[in-house]
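All remarks here apply to the structure that follows.
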Amino acid sequence: MENKAWRDSTRRSLRRVLKEKIVSQANHLAGILDLDVALPHHYLPLQALARARGVDPQKYLRGLGCHKMAVCAPGEDTVTLAAQAAYRLLQRHPLARQRVGLCVVGTESGIDHAKPVSILVHGLLGLPHQCRTFDIKHACYGATAALQTALAWVQQHPKQLALVIASDIARYPRLSPGEPTQGAGSVAMLVHADSSPSLLSFPFSSGIHASHVHDFWRPNYNHTAIVDGKFSLQCYLAALKAAYLDFCEKNQQTPQPDFFLFHAPFPRMAHKAYRSLAPLLSPHNKHFSFLEEGLSSQVLPALWPNREVGNLYTGSLYLSLAGLREHLQPPHTSQHVAFFSYGSGSCSEFFLGKLHPSPRSHTPLRAILDARVPIDVPTYEAFCEQTLALETNQTSLPSLAPLPSQPFSFLGILNHKRQYRDNTNAAIRCA
Ligand code: COA
């Protein structure tokens, strides 16, 4: 009898602990608190590139969906773009800096085999010393891996914040089919699990798919990527289907999102993705008009900045998120958003987020895009050569003038150490 009473009381207290744990987890639903974007100061209109390459401009504009391509000038690199996006974000959240306990950069255009971009950003921003910093790499999936790591970490450390940055420069060889799908930029996100309202929360489990394929890669000795273009598109679509089905199985439901955000190495890829997913989303509705209506109402509202920037590799998906936030002017109701993140090689994830009306003002993406300066093809080619010379230690530019509103500049390499200037107080930092 005594034994039974003891067993019952233990069961009751276990049940109570479990219930409390569930409630406390619900109170600390991790999410993205806010995000910001940094882009190179210059862009190349793709009509000009098409003319220079003897290609019908409609192939780039309509066939690939690319209108403009962000181009880095000397002084801009993966680190300065990452630090600029995070700097903007932290300027809007001045109390957040001291709470950052994790700084992760998702990138596939790292600047050193050993030293991560994250520690350079940590130094430039003056983040706390009690902070874990590292980079995550898996092609364009890196930022999603970083985000998922941060979401799990903040659940364990709800008083702290995680800074997640996607930063990349997409480089293909000149005259190659990939050339018009280059681009660059960075998206910084603050991830939290405290009681302040999230911009985006993630109440569902993700669908995952990994498979070893040689569709796109960049050997250590290469400055530009190698891509088996057509094969990479097949790998992407196969991974999308597999990750989507895994999502449905794990959550025992088919998602009914208001919007779809797809990784966009070039904007038309998102059209292809939506069209290939449509038979699974709505098996009984095969009408073309239904498909086109879905595309324009559920996909295109997020894709507008990608058309004007090109490929950000890890940041492409999150640039679309910034685009969707701007499209949904407040006040709007919370929207379900489906994300598909694909990293060649490959690892991919299909996940669902709840996008809440943005409680804060932010740097308008439209204004960031409009502040850029167009360049011609000879200038684009000269920038590529000058940035390569800086990266490979052939030259340095210690007195390089900062670009407008550029908080940090890359000046070259001295004694094998990268040199950055903090333009906000003119200090040279050797990283
Ligand atoms: N007017 C309008 N559309 C045109 C056109 C014209 N004059 N000429 C071609 N097009 C269309 C084609 O029909 C095609 O569209 P579709 O795919 O819907 O059929 C599109 O433009 C591209 O043309 P294509 O001949 O396939 O181009 P390509 O052989 O030069 O290569 C890629 C295209 C995408 C393979 C190439 O740009 C690439 O390798 N990009 C990088 C791939 C990548 O990022 N992979 C990573 C996946 S995450």
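All values reported here derive from a predicted model rather than from experimental measurement. Counting convention: from 1, in listed order, for ligands and their atoms alike.
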Can you confirm if the NZ or CZ of Arg418 lies within 45° of the ring axis of Phe410 and under 6.0 Å from the centre of its six-membered ring?
yes

Value for CD1 (Ile368) from OG (Ser405), rounded to nearest 0.5 Å, stands at 9.0 Å

Taking only distance into account, with no hydrogens and no angle test, what donor-acceptor pairs under 3.5 Å do side-chain atoms of residues 201-213 form with protein atoms, sequence neighbours excluded?
residue, atom, partner, partner atom, Å
Ser201, OG, His356, NE2, 2.9
Ser206, OG, Glu349, OE2, 2.7

Exercise. Would you call the rings of His138 and Tyr141 parallel, tilted or perpendicular, where under 30° means parallel and over 60° means perpendicular?
Worked result: perpendicular

Starting from the N and O atoms of ligand 1, find every protein N or O within less than 3.5 Å and list the pair with its distance.
residue, atom, partner, partner atom, Å
ligand 1, 7 (N), Asp56, OD2, 2.8
ligand 1, 17 (O), Lys272, NZ, 2.5
ligand 1, 18 (O), Lys272, NZ, 3.1
ligand 1, 26 (O), Lys230, NZ, 3.1
ligand 1, 27 (O), Lys59, NZ, 3.3
ligand 1, 29 (O), Lys230, NZ, 3.1
ligand 1, 30 (O), Lys59, NZ, 2.8
ligand 1, 37 (O), Pro177, O, 2.9
ligand 1, 44 (O), Tyr172, OH, 3.3
ligand 1, 45 (N), Ser232, OG, 2.9

Tell me whether the rings of Tyr236 and Tyr342 are parallel (<30°), tilted (30 to 60°) or perpendicular (>60°). tilted

(message) Tell me whether Arg53 is salt-bridged to Glu179, with the criterion being a basic N under 4.0 Å from an acidic carboxylate O.
(response) yes

